[in-house]
Each structure stands twice: as structure tokens, then as C-alpha cells.
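Read through the structure below, which is laid out as C-alpha cells, and then see the notes.
Keep in mind it's a predicted model, so treat the numbers as computed, not measured.
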Amino acid sequence: DESSNGGASPTSGATFAMNLRAAEAIQNPELQDAIMDALLQRASAICPAGGNLQYEDDEGEWCTLTRGTLRDALDFATEVRAGVHQLIVRIVPSPPRRASPEPPAEAKTEVEVHWTVICDGCEASPVVGSRYKSLEKDDYDLCQACFQKEPRNVTAWVRVRGTHFEKVVLAGAARDTNCDR
């Protein structure tokens, strides 16, 4: 169940509420993914330009809401009736970016995310974009940037295709951050 409270100020962005069964969600990773997908979809409908999602903790501080922090956020959801909790989410608009004439041709709107992999070249984690696994070294992976830094024997590497994709903001693209309602 979703409801919009429309409360917002120029500094806080838009807020909305989602009613859910927090106790069930805390125990179920698939349900957590579905809740996060619904939160992102609702936030996108309210603020198409995007922004950071936040939840309020027990000390009144706003904390970043991600897939990794959703379980913590569910702990702070307020019970509105037996077994049903309400999670209040705030969308903080991203700072305005200078417009560029055109986004880079190689920019993508959706990229692979290898959540459990660390690049052994630059130590980036998660690996975003292409991932290359060494066939000669045990547990050795590179992101695309590190893989392309020097010539490599392509027969000693395998391109590992991701199964998880995330939408990303195009670098240099103009964005409207007026999400206050």
C-alpha cells in the first residue's frame, strides 16, 4: 500500500509513505527487493529527475536508503495498525549539474552491477559495468577500466556477464532537480 503525504520543503525534497508488513520483509530478501523496487518506482514518479532516498531513524536523523540499508529502515517504520508499518521516505534532489550539449556517446542508462566482486586492479566495489575474470590467477577480477589499461592476452580472460542491472545517471546530462511538491 502506498500513500503520498506531499510534505516537502525546498531543502528536504518530497516525502511519501509506504505501508508494509515490516516483520515479514525483514526475514525475506526477495520481499526486500520488491519493496525497494516499489520505493524507487514511487520516488521516480514523484521526482523524475532523481535524487537520494532517505529514511528517519529513532534519533530523528535522516539516513541514506539503499538496498543495503533497507532492513535498518524497516526497523524504524512506525506501526499504524496490527502488523502493518509505515515507512516514511524523503527524496533529496541531487544538486543541479551543468548542462552539456550532448551526453557522451558511450554513456548507458542501465549498466551491469557485480555486487559481490572487488576489482583487483583499483579495488572498486561493486564492479560497475564489464567484469573480466582471469583464467590464470585464482580469484582475480578486473573492471573494464583496469582491463583496458594495458594489452592483455584475451585467451587468459573471460568476460563475466552480470545478471543484475542498475539505472545510472548519464554523466554530463542536464537534469531538472525541482522535485518539491
Side-chain angles (χ1 to χ4, degrees), residues 13 18 20 24-55 62-75 87 89-177 179:
M18 177 176 274
L20 47 92
E24 293 173 19
I26 288 174
Q27 304 300 324
N28 186 332
E30 288 94 17
L31 188 53
Q32 291 172 27
D33 283 341
I35 290 169
M36 195 66 199
D37 289 343
L39 288 169
L40 291 169
Q41 183 177 20
R42 179 73 173 139
S44 178
I46 293 171
C47 183
N52 295 318
L53 298 184
Q54 296 181 338
Y55 67 93
W62 288 94
C63 306
T64 301
L65 178 61
T66 64
R67 289 184 190 279
T69 63
L70 177 61
R71 190 171 176 166
D72 292 335
L74 295 174
D75 286 335
L87 179 63
V89 178
R90 177 169 76 173
I91 308 166
V92 178
S94 300
R97 296 184 184 209
R98 292 189 336 205
S100 64
E102 292 181 23
E106 68 276 0
K108 298 178 183 177
T109 57
E110 206 171 75
V111 296
E112 296 172 63
V113 179
H114 304 269
W115 287 105
T116 59
V117 179
I118 299 171
C119 174
D120 291 301
C122 65
E123 297 185 5
S125 179
V127 171
V128 178
S130 298
R131 168 186 167 206
Y132 296 87
K133 182 166 190 60
S134 173
L135 298 174
E136 296 176 346
K137 294 181 183 179
D138 189 39
D139 192 28
Y140 193 84
D141 298 277
L142 294 176
C143 65
Q144 184 167 350
C146 289
F147 183 79
Q148 292 177 336
K149 279 185 182 176
E150 59 187 67
R152 302 204 183 267
N153 176 359
V154 293
T155 62
W157 294 86
V158 63
R159 162 81 161 82
V160 178
R161 303 233 181 253
T163 58
H164 189 83
F165 291 83
E166 292 285 335
K167 290 188 178 188
V168 296
V169 176
L170 297 174
R175 292 176 41 156
D176 172 17
T177 60
C179 298

Open item on the list: I want to check something: taking the side chain as every heavy atom from C-beta on, are Ile91 and Ile46 in contact at a cut-off of under 4.5 Å?
Closed with: yes

TODO: With sequence neighbours excluded, tell me which residues meet salt bridge (charged side-chain N to carboxylate O under 4.0 Å, His left out) with Asp120.
DONE: none

Task: Distance-minimising heavy-atom pair for Leu65 and Met36 - done: O-CE, 3.9 Å

TODO: Would you give the length of the straight line joining atom CG of Asp141 to atom NE2 of His114, rounded to the nearest 0.5 angstrom?
DONE: 9.0 Å

- [ ] Check whether any side-chain heavy atom of Gln144 sits under 4.5 Å from a side-chain heavy atom of Val127, and report yes or no.
- [x] no

- [ ] State which residues pass side-chain contact (heavy atoms from CB on, under 4.5 Å) with Thr66; sequence neighbours excluded, sorted by chain then number.
- [x] Thr64, Thr69

TODO: Tell me, please, which residues at least two apart from Trp62 pass side-chain hydrogen bond (donor to acceptor under 3.5 Å, both in side chains).
DONE: none

- [ ] State, yes or no, whether a side-chain contact exists between Val117 and Arg131 at a heavy-atom distance under 4.5 Å.
- [x] yes

Let me have the donor-acceptor pairs involving side chains of residues 153-162, under 3.5 Å, with sequence neighbours excluded, atom names and distances please.
residue, atom, partner, partner atom, Å
Asn153, OD1, Thr155, N, 3.0
Asn153, OD1, Thr155, OG1, 2.6
Asn153, ND2, Thr155, OG1, 3.3
Arg159, NE, Ser130, OG, 3.4
Arg159, NH1, Glu112, OE1, 3.3
Arg159, NH1, Glu112, OE2, 3.3
Arg159, NH2, Glu112, OE2, 2.5
Arg159, NH2, Ser130, OG, 3.2

Open item on the list: Show the nearest heavy-atom pair for residues Ala73 and Leu87, with the distance to one decimal.
Closed with: O-CD1, 3.6 Å

Open item on the list: Run the side-chain contact (heavy atoms from CB on, under 4.5 Å) test against Asp33 and tell me which residues pass, sequence neighbours left out.
Closed with: Arg67

Task: Atom NZ of Lys133 with >12 non-hydrogen neighbours under 6.0 angstrom - done: yes

Open item on the list: Are Leu31 and Leu20 packed together at the side-chain level, in the sense that at least one heavy-atom pair is separated by less than 4.5 angstrom?
Closed with: no

Open item on the list: Can you confirm whether Asp72 sits close enough to Tyr55 that some side-chain heavy atom of one is under 4.5 Å from a side-chain heavy atom of the other?
Closed with: yes

Open item on the list: Please check if the number of heavy atoms outside Leu40 that lie under 6.0 Å from its CG is greater than 12.
Closed with: yes

Task: Close side-chain approach of Met18 to Leu39, heavy-atom, < 4.5 Å - done: yes

Task: Partner set under side-chain contact (heavy atoms from CB on, under 4.5 Å) for Cys122, not counting sequence neighbours - done: Cys119, Ala124, Cys143, Cys146

